Amino acid sequence: QTASVTNCSAEGTITYSNNAITPTSDFESRLISIGGLIGRAYAATITKCVNRVNIDIPLSTPADIGTTKKKVSPGFGGIVGLLDSTDESITAVPRIEECVNYGSITNNDSKSNVTYSSPMMGGIAACINAKNAIVTKCENYGVMTNTKAIRQGDVAGIVGRIHDHSLKDVKAFLTGTTNNAEVIIPNANYSRMVNIAGVLADILFSHTTLSNTHNKGKITLDNVGHGTSLATSVRHAAFFNNLGGIVANLCDYRIRTAKTTNALIKKTLTYNNCTNSGDIYYGEVAASIYQSAGGMLGQALHQLEGYTN
C-alpha cells in the first residue's frame, strides 16, 4: 500500500535532543528521521504541503562513552525526514510535489564528535532512499545551519542525501526546485566527509537527474580542520569536505566480493538547465586534505555524464 498527503501545513517548533540516545553495544547504529510535516514517508506522495515548523537541535552534554561507539544518523527535513521505498513489489513512485518549506533547521549539537554521527539536513527532505523518487516544483526558504563541530554529514537547501542502500539501479529526479535560503556550517573544525550544497549535498550510489533546478542562497563552510576531538582532545586533519552551489558530492561505489576486489558500480549525475546565483564562501582551512568547492559541483568520483550549465 502507498500513502498520499495533500494540502497539509504545520507551524511551531520541534526540539530534538541527542541526550536521549544511550549506547547499548560496542557499535550501535541508529537512523532517526524528523520532519517538519512527516518523519518517515514510505512509498508516499506528498503534494502541495507547506511547512513553517522550525527544527532545533540544542547542545547536548557529551557523554564519556569509553570504548563503546554508536553511529547515529539523524535526518532533519523541512517537509520529510526520510522518503524511502525499497520493496520492489511496490510500483508506485515516491514523490514530493509543489511543496514549500519556510522552517529553519538549526543543529547546535556537538555530540557528533563522540558518537560518530552523520547528520543529514535538507529544506525539503533530509534523505531519499527510493527507486525513481521524484522531487518537483518545490522551494525552500528556511535557513539550514549546523553551528557546532561536525565529523561528517550532508547539509543542503533541498535534499541532504540521496542514498541507494540496496545497491540496485536506483534513480532520483529533481525538477523545477529552488533553494532561496542560506546553508551554513560555520565551524567545520572536526570535519571528515562533510558535504554542503544549495540543492543536494550528497549522492551515494544513485543515478540522479537535475532539471531546471536553481540555488539562490549563500553557501558557507568555514573554520575547516581547526578543532580537536571532544572525546580524545586530539587535533585531526580535515579531509574529503565538499561544497557545491548545486551538488556537493557524487560518489560511486566499490563493492568487495569473495572472489574480486572492489568492483565499481558506476552512477551518473545529469544536469539540465541548472543555475547557481548564490555566493559561495569556503573559509579558512587548516591541516586539510582533499577539499573541493565549485559553483555547480564540488566533487565527482569516477563518473559524470550529461553535464550542461
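Numbering of residues begins at 1 and proceeds along the displayed sequence. Everything numeric in this text was worked out from a predicted model, so none of it was measured.
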Can you measure from [atom1] ([X]) to [atom2] ([Y]) and round to the nearest 0.5 angstrom?
X	Y	atom1	atom2	answer
Met144	Thr220	CE	OG1	14.0 Å
Thr106	Ile57	OG1	CD1	7.0 Å
Ile128	Arg161	CD1	CZ	12.5 Å
Asn273	Thr213	CG	OG1	9.0 Å
Met120	Ile105	CE	CD1	11.5 Å
Ser211	Leu174	OG	CG	9.0 Å

Using a distance-only test with no angle check, is there a side-chain donor-acceptor pair under 3.5 angstrom linking [X] and [Y]?
X	Y	value
His214	Thr275	yes
Thr175	Thr136	yes
Ser104	Asn54	yes
Asn180	Glu139	yes

Sub-3.5 Å donor-acceptor pair from the side chain of [X] to the main-chain atoms of [Y], do we have one?
X	Y	value
Asn241	Val194	yes
Asn101	Gly123	yes
Asn276	Ile246	no

Checklist entry - What pairs with Arg52 under side chain to side chain donor-acceptor pair (under 3.5 Å), at least two apart in sequence or on another chain? => result none

Next on the checklist: So, using side chain to side chain donor-acceptor pair (under 3.5 Å) as the criterion, who are the partners of Thr45 when residues are at least two apart?
Outcome noted: none

Measure across [X] and [Y] and return the closest heavy-atom pair with its distance rounded to 0.1 Å.
X	Y	result
Tyr16	Ile34	CD1-CD1, 3.3 Å
Val199	Ala156	O-CB, 3.5 Å
Lys48	Cys99	N-SG, 3.9 Å
Ala133	Leu83	CB-CD2, 4.5 Å
Ser4	Thr6	OG-OG1, 3.6 Å
Leu243	Tyr281	CD1-O, 3.8 Å

Next on the checklist: The test is salt bridge (Lys or Arg N to Asp or Glu O under 4.0 Å); show your working for Asp279 and Lys218 and say whether it passes.
Outcome noted: CA-CA 5 Å; Asp279 293 335; Lys218 182 179 179 179; 5.8 Å; no

Give a yes or no on whether [X] and [Y] share a hydrophobic cluster (residues Ile, Leu, Val, Met, Phe, Trp, Tyr; joining criterion: side-chain heavy atoms under 4.5 Å apart).
X	Y	result
Phe173	Met296	no
Val93	Ile162	no
Val50	Ile124	no
Val135	Tyr102	no
Tyr141	Val143	no

With a 4.5 Å heavy-atom cut-off, do [X] and [Y] have their side chains touching?
X	Y	answer
Pro58	Asn108	no
Leu82	Tyr42	no
Asn179	Lys216	no
Leu210	Thr270	no
Thr13	Thr15	yes

Item to check | From Ile79, Ile96, Ile38, Val80, residue fulfilling side chain to side chain contact (heavy atoms under 4.5 Å, CB included) relative to Val5 | outcome: Ile38

Checklist entry - Knowing that exactly one of Asn107, Leu221, Asn195, Ile219 qualifies, which makes a side chain to side chain contact (heavy atoms under 4.5 Å, CB included) with Ile185? => result Leu221

Next on the checklist: side-chain contact (heavy atoms from CB on, under 4.5 Å), that's the test. Do Cys138 and Val100 meet it? Break it down for me.
Outcome noted: CA-CA 6 Å; Cys138 293; Val100 182; over 6 Å; no

Item to check | Verdict with reasoning, Leu297 to Leu269, per side-chain contact (heavy atoms from CB on, under 4.5 Å) | outcome: CA-CA 10 Å; Leu297 173 65; Leu269 168 63; 4.1 Å; yes

Next on the checklist: Applying side-chain contact (heavy atoms from CB on, under 4.5 Å) to Thr208 and Leu200, what does each step give before you reach the verdict?
Outcome noted: CA-CA 10 Å; Thr208 303; Leu200 172 57; 4.1 Å; yes

Item to check | Candidate pair Ile46 and Glu97, rule side-chain contact (heavy atoms from CB on, under 4.5 Å), full reasoning | outcome: CA-CA 6 Å; Ile46 306 169; Glu97 303 175 315; over 6 Å; no

